[in-house]
Amino acid sequence: MKYKVHTLLLLLFWSIVTLGQKKEYQANYIIEEPINKQVASKSQLDELNEILKENYTGGSLFSNQSPFVLIPSITIISEQTAGEVQVVKVIKLEIGLTSQGKDDRSIFNRFRHSYIITAEDRSKAIDKALVLFRKERKLKAFFEQSNQNIVAFYESNCSTVLNTVKVNIERKEYLKAISYLSYVPETTSCYKESERIITKIFLDSKEESCRALVQKALEEEAKRDYTKALYFLQFVETNTKCYNSATALINKISDKIDEATIRNFEMEKLKFSKLTDLQKMEIIAKESNYIGLTIQE
């Protein structure tokens, strides 16, 4: 089966962002809505998400590229009427957070805080609880503990992760391999090996990248956008099998543009050739919206 995966290069880029970092691990999380029906309105859930974002400055709570999810919830525990005319209610509600794995649903941390609120109805009670929750001092501790538990989880499962990735690579399931490796915390014992494997995948995928770049250049050449075509071709490396195809296209385009454009292309191509493999990886990853990589499975 063929997959059009421009996300492979994007994952490769995110995997090298933390190279050389020694600071405390900060995970990225995807915020998910709970499966159960919620008593809170959408605007109230949005406000809760904003409170979480304000209390977590180390990573991202809105990342689409993460194997970790954060599930907030607002639950009514009890509700009683009060007062002689019974128009006021005493409502006990709970605001909860759960951090867990996106795929295996492993639980990393849980947080629960209940509030007893006097209000006219549930909605107003939730509004009051959110005001109090915004001042909750234990939120930062929740994230810190969650991150520590993620590191401990990976450390205790390092051999499993690496063995799984080995099977993925043997099957040419590169996207799956990168997904596993990209989020190995840098503080774990298998982080360096993860870096090495990611770099190898990049080097082995040069031919795929070359074909994709040449194809994009051909599409731009057909539209007579020769500058854009050269832009893609400047990233094609000389040690790839499709370099001859790239050279032929460059020669064809050269007859249709001025010398200044060619000189600029040669200068940019020379700059790119002098970069390290990791630097090249980062640049190509930034162009992942343009490049589609075909992976055989």
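- By the 4.0 Å N-to-carboxylate-O rule, K216 lies close enough to E219 to be salt-bridged with it.
- Taking the salt bridge (Lys or Arg N to Asp or Glu O under 4.0 Å) definition, one finds that E32 meets it with R105, sequence neighbours left out.
- Expressed to the nearest 0.5 Å, how far OG of S273 lies from CD of E266 amounts to 10.0 Å.
- The main-chain N or O of F265 is never found under 3.5 Å from a side-chain atom of E268 such that the two would form a donor-acceptor pair.
- Contact detail for F235 and F272: the closest heavy-atom pair is O-CE2, 3.4 Å.
- Partners of E120 by salt bridge (Lys or Arg N to Asp or Glu O under 4.0 Å), not counting sequence neighbours: none found.
- I30 and S66 make their closest contact through CD1-O, 3.3 Å (heavy atoms, listed as atom of the first residue, atom of the second, distance).
- Using a 4.0 Å cut-off between charged nitrogen and carboxylate oxygen, R263 and E259 count as a salt-bridge pair.
- Y29 has its ring centre less than 6.0 Å from the ring centre of Y56.
- Under the 3.5 Å distance criterion, the side-chain polar atoms of Q44 are matched with a main-chain donor or acceptor of S41.
- Taking 4.5 Å as the limit, every side-chain heavy atom of S245 sits out of range of all side-chain heavy atoms of L218.
- Put simply, the side chain of N157 gets close to the backbone of F153: a donor and an acceptor are under 3.5 Å apart.
- In summary, E50 and K53 do not engage in a salt bridge, as defined by a charged side-chain N under 4.0 Å from a carboxylate O.
- Under the 4.5 Å side-chain heavy-atom criterion for grouping Ile, Leu, Val, Met, Phe, Trp and Tyr, I74 is connected to L132 within one hydrophobic cluster.
- Using a 4.5 Å heavy-atom cutoff, the side chains of Y25 and Q148 are not in contact.
- Hydrophobic cluster membership differs between I117 and V90, with clusters built from Ile, Leu, Val, Met, Phe, Trp and Tyr side chains linked at under 4.5 angstrom.
- Without hydrogens or angle criteria, T261 side chain to I257 main chain gives no donor-acceptor distance under 3.5 Å.
- The minimum heavy-atom distance linking I51 with L130 is given by the pair CD1-O, 3.7 Å.
- With rounding to the nearest 0.5 Å, the separation of CG in D127 from CZ in R122 is 14.0 Å.
- Between E221 and K228 there is no salt bridge, since none of the side-chain N atoms of the basic residue sits less than 4.0 Å from a carboxylate O of the acidic one.
- Residues N163 and V167 have side chains not in contact (no heavy-atom distance under 4.5 Å, counting atoms from C-beta outward).
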Exercise for the section: With side-chain contact (heavy atoms from CB on, under 4.5 Å) as the test, would you mind laying out the steps for E186 and E195 before giving the verdict? Expected result: CA-CA 9 Å; E186 59 268 31; E195 280 186 340; over 6 Å; no
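- For K256, the NZ atom counts as densely surrounded, since its 6.0 Å shell holds more than 12 non-hydrogen atoms of other residues, nucleotides or ligands.
- Atom CD1 of I126 is separated from atom CD of E47 by 11.0 Å, given to the nearest 0.5 angstrom.
- Separating the CD atom in E220 from the CZ atom in F232 is a distance of 5.5 Å, to the nearest 0.5 Å.
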Problem - Candidate pair L275 and K271, rule side-chain contact (heavy atoms from CB on, under 4.5 Å), full reasoning - result: CA-CA 7 Å; L275 300 177; K271 290 180 182 178; over 6 Å; no
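- Contact record, K128 with T118: NZ-O, 2.8 Å, taken as the closest heavy-atom pair.
- Counting heavy atoms from C-beta outward, T98 and L70 have side chains that stay 4.5 Å or more apart.
- Listed for the S146 side chain is no donor-acceptor partner under 3.5 Å among the backbone atoms of F143.
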Practice task
Assess whether side-chain contact (heavy atoms from CB on, under 4.5 Å) is satisfied between F133 and L139, documenting all intermediate values.
Solution key: CA-CA 9 Å; F133 186 72; L139 280 177; 3.6 Å; yes
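- Ion pair K124/D121 flagged as a salt bridge, since at least one NZ, NE, NH1 or NH2 atom sits closer than 4.0 Å to an Asp/Glu carboxylate oxygen.
- With hydrogens and angles left out, the side-chain atoms of S189 and E155 include a donor and acceptor closer than 3.5 Å.
- Of the inter-residue distances, the one linking S123 atom OG with I91 atom CD1 reads 9.5 Å to the nearest 0.5 angstrom.
- Between the side chains of Q26 and N147, at least one donor N or O lies within less than 3.5 Å of an accepting N or O.
- You'll find the side chain of E193 reaches within 4.5 Å of the side chain of I197, heavy atoms only.
- A donor-acceptor pair under 3.5 Å is formed between the side chain of E136 and the backbone N or O of K138.
- Between S254 and N251, the side chains place no donor N or O within less than 3.5 Å of an acceptor N or O (distance only, hydrogens not considered).
- One finds the CG atom of D255 at 10.5 Å from the OH atom of Y226 (value rounded to the nearest 0.5 Å).
- Contact of the I95 side chain with the L48 side chain is registered, since non-hydrogen atoms from C-beta on lie closer than 4.5 Å.
- Side-chain contact check for I77 versus L93: every heavy-atom pair is 4.5 Å or farther apart.
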Problem - Audit row: K102, F68, side-chain contact (heavy atoms from CB on, under 4.5 Å) steps and yes/no - result: CA-CA 5 Å; K102 180 180 179 182; F68 313 120; over 6 Å; no
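- Counting only heavy atoms from C-beta outward, the side chains of L233 and L213 never approach each other to under 4.5 Å.
- The list of salt bridge (charged side-chain N to carboxylate O under 4.0 Å, His left out) pairs with a residue in residues 92-101, not counting sequence neighbours, reads E94-R112.
- Nearest approach of T188 to C158, heavy atoms of both residues: CB-SG, 4.3 Å.
- Shortest non-hydrogen contact noted between P72 and L52 is CB-CD1, 4.1 Å.
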